[in-house]
Engineer: 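Just dropping this structure here.
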Amino acid sequence: MAATLMDGKALAARIRAEVEGEVAAFPRPIGLATVLVGDDPASEVYIRLKHKATLEVGIEARDLRLPASTSEEELLSLVAELNADDAIDGILVQLPLPEHIDEGRIIRAVDPLKDVDGFHPVNAGLLLAGTPGHVPGTPLGVLELLDEYGVELQGANAVVVGRSDIVGKPAALLLLHRHATVTICHSRTRDLAAETSRADVIVAAVGVPGIVIPAMVRAGATVIDVGINRTEDGLVGDVDPAVSERAGLLTPVPGGVGPMTIAMLLRSTIRAARYRSKELAHPAA
Ligand SMILES: NC(=O)c1ccc[n+]([C@@H]2O[C@H](COP(=O)([O-])OP(=O)(O)OC[C@H]3O[C@@H](n4cnc5c(N)ncnc54)[C@H](OP(=O)(O)O)[C@@H]3O)[C@@H](O)[C@H]2O)c1
């Protein structure tokens with residue numbers, strides 16, 4: 001029997017409508033600054049989508065574009081300006097940055113309260129400690145989808161393929177905090193299929209088209225495909241579509257995790273405004 005497709009588009013639309021109501025009820029305007037350095041075409045698409053979604057929910061969006069030749073010092077001084085700007089609640093610096101800029105240095109420069117991407121080491125550390133502040137949007141979206149479809153996580157075998165700071169690691173931590181038994185796989189994992197075959201829940205965040213094939217999936221498992229890969233056949237995920245013949249639940253690409261990432265960014269921007277107005281306490285403040 002074919003897997004039930006997990007509709008990230010519909011869930012994201014609901015979350016965006018919720019955020020719109022919260023923005024309207026907030027006692028002052030809420031501002032998000034996005035910073036794009038250079039002209040990477042994929043990054044431009046992501047920034048355009050984020051900007052559009054931000055405006056649609058009534059958040060004031062500042063769309064800052066800098067040339068690829070921007071120096072690290074120039075970018076640091078822009079981040080410092082945004083940190084000090086009272087009209088800006090959230091700051092998002094689109095990655096990857098051009099090679100001559102030290103990404104870690106830029107990430108560490110963002111005020112942790114305004115770090116809506118959750119990449120700052122303070123926010124990463126808080127997640128590790130189990131007292132999260134801002135958390136990256138993609139793994140938050142993954143958990144939201146699992147909850148929406150009533151997937152039992154407590155005691156479940158969850159296998160996360162990929163260990164990046166923006167998806168794999170935070171997804172694994174969120175699953176661990178929900179009492180799943182978590183295995184993290186990566187490029188040096190000796191037998192990926194042996195690991196994924198034991199999984200009740202697979203989260204694939206690899207960047208390799210179709211790396212998860214039906215033989216690697218236990219019948220009835222839940223499979224979350226985070227991958228967005230541009231190929232000659234168009235946008236494809238990390239999961240072979242034939243997995244739908246084995247999985248119980250599966251996220252489509254597009255229309256699964258992608259729209260959730262943007263919805264969670266909007267939710268994080270509201271959260272940033274609440275941190276800054278002291279309505280909510282940031283755990284590190
Ligand atoms: N849906 C969304 O909103 C969204 C958001 C972010 C990313 N993405 C997509 O998600 C995918 C992953 O993104 P990312 O930023 O996490 O990528 P990344 O930083 O390149 O990390 C990829 C991870 O996959 C692992 N890996 C690579 N080849 C492997 C293999 N053959 N077997 C097992 N593991 C392997 C790598 O292992 P090592 O650590 O050992 O190198 C690494 O940990 C990409 O397709 C990206 O476009 C989607």
Side-chain angles (χ1 to χ4, degrees), residues 5-9 11-12 15-16 34 40-54 92-97 99 103-104 107 116-119 124 127 135-146 158-175 182-197 199 202-213 215-217 223-231 233-241 250-268:
L5 292 181
M6 301 167 88
D7 190 344
K9 213 171 152 191
L11 178 56
I15 292 171
R16 282 154 67 152
T34 59
D40 175 61
S43 293
E44 279 197 359
V45 172
Y46 294 139
I47 284 289
R48 186 155 31 82
L49 291 173
K50 288 171 187 172
H51 195 238
K52 184 167 168 277
T54 304
L92 180 156
V93 181
Q94 184 68 38
L95 302 183
L97 289 167
E99 268 182 17
E103 267 181 13
I107 288 169
V116 284
D117 260 340
F119 295 165
L127 177 59
V135 176
T138 303
L140 274 182
V142 168
L143 264 287
E144 200 74 25
L145 271 168
L146 290 168
V159 173
V160 180
V161 191
R163 56 173 165 178
S164 73
D165 291 344
I166 64 173
V167 192
K169 276 187 220 164
L173 285 168
L174 289 172
L175 290 162
V182 181
T183 304
I184 306 177
C185 299
H186 46 77
S187 65
R188 320 295 156 84
T189 296
R190 212 172 289 147
D191 188 348
L192 184 59
E195 304 296 342
T196 57
S197 301
I202 299 173
V203 178
V206 191
V208 175
I211 187 172
V212 177
I213 57 171
M216 294 163 69
V217 177
V223 181
I224 306 286
D225 189 354
V226 179
I228 299 181
N229 307 295
R230 285 171 178 74
T231 69
D233 304 326
L235 271 193
V236 302
D238 289 342
V239 176
D240 179 341
L250 173 66
T251 58
V253 176
V257 176
M260 293 301 297
T261 296
I262 294 181
M264 301 321 282
L265 165 69
L266 301 176
R267 203 183 251 177
S268 293

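Counting convention: from 1, in listed order, for ligands and their atoms alike. The structure displayed is predicted, hence computed values, not measured ones. Residue numbers start at 1 and run along the sequence shown.
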Engineer: Looking at every non-hydrogen atom in both residues, tell me the closest pair between D238 and V206 and how far apart they are.
Structural biologist: OD2-N, 2.6 Å
Engineer: Measure from every N or O atom of ligand 1 to the protein's N or O atoms and keep only the pairs below 3.5 Å, writing each with atom names and distance to 0.1 Å.
Structural biologist:
{"unit_1": "ligand 1", "atom_1": "1 (N)", "unit_2": "V226", "atom_2": "O", "d": "3.3"}
{"unit_1": "ligand 1", "atom_1": "3 (O)", "unit_2": "T261", "atom_2": "OG1", "d": "2.7"}
{"unit_1": "ligand 1", "atom_1": "16 (O)", "unit_2": "S164", "atom_2": "OG", "d": "2.6"}
{"unit_1": "ligand 1", "atom_1": "34 (N)", "unit_2": "H186", "atom_2": "O", "d": "3.4"}
{"unit_1": "ligand 1", "atom_1": "34 (N)", "unit_2": "S187", "atom_2": "N", "d": "3.4"}
{"unit_1": "ligand 1", "atom_1": "37 (O)", "unit_2": "S187", "atom_2": "N", "d": "3.2"}
{"unit_1": "ligand 1", "atom_1": "39 (O)", "unit_2": "R163", "atom_2": "NE", "d": "2.8"}
{"unit_1": "ligand 1", "atom_1": "40 (O)", "unit_2": "R163", "atom_2": "NE", "d": "3.3"}
{"unit_1": "ligand 1", "atom_1": "40 (O)", "unit_2": "R163", "atom_2": "NH2", "d": "2.8"}
{"unit_1": "ligand 1", "atom_1": "40 (O)", "unit_2": "S187", "atom_2": "N", "d": "3.2"}
{"unit_1": "ligand 1", "atom_1": "40 (O)", "unit_2": "S187", "atom_2": "OG", "d": "2.5"}
{"unit_1": "ligand 1", "atom_1": "43 (O)", "unit_2": "R163", "atom_2": "N", "d": "2.8"}
{"unit_1": "ligand 1", "atom_1": "45 (O)", "unit_2": "I228", "atom_2": "N", "d": "3.0"}
{"unit_1": "ligand 1", "atom_1": "45 (O)", "unit_2": "I228", "atom_2": "O", "d": "3.3"}
{"unit_1": "ligand 1", "atom_1": "45 (O)", "unit_2": "N229", "atom_2": "OD1", "d": "3.3"}
{"unit_1": "ligand 1", "atom_1": "47 (O)", "unit_2": "I228", "atom_2": "O", "d": "3.1"}

Engineer: Please report the shortest heavy-atom distance between L95 and S43, naming the atom on each side.
Structural biologist: O-OG, 3.8 Å
Engineer: Could you walk me through whether T261 and Y46 satisfy the side-chain contact (heavy atoms from CB on, under 4.5 Å) test, starting with their C-alpha distance in whole Å, then the side-chain angles of each, then the deciding distance to 0.1 Å, before giving a yes or no?
Structural biologist: CA-CA 10 Å; T261 296; Y46 294 139; over 6 Å; no
Engineer: Looking at every heavy atom in both D225 and T251, which two are closest together, and how far apart are they?
Structural biologist: N-OG1, 2.7 Å
Engineer: Where do P96 and E103 come nearest, in terms of heavy atoms and distance?
Structural biologist: CA-OE2, 3.2 Å
Engineer: Give the minimum heavy-atom separation between M216 and I211, together with the two atoms involved.
Structural biologist: SD-O, 3.4 Å
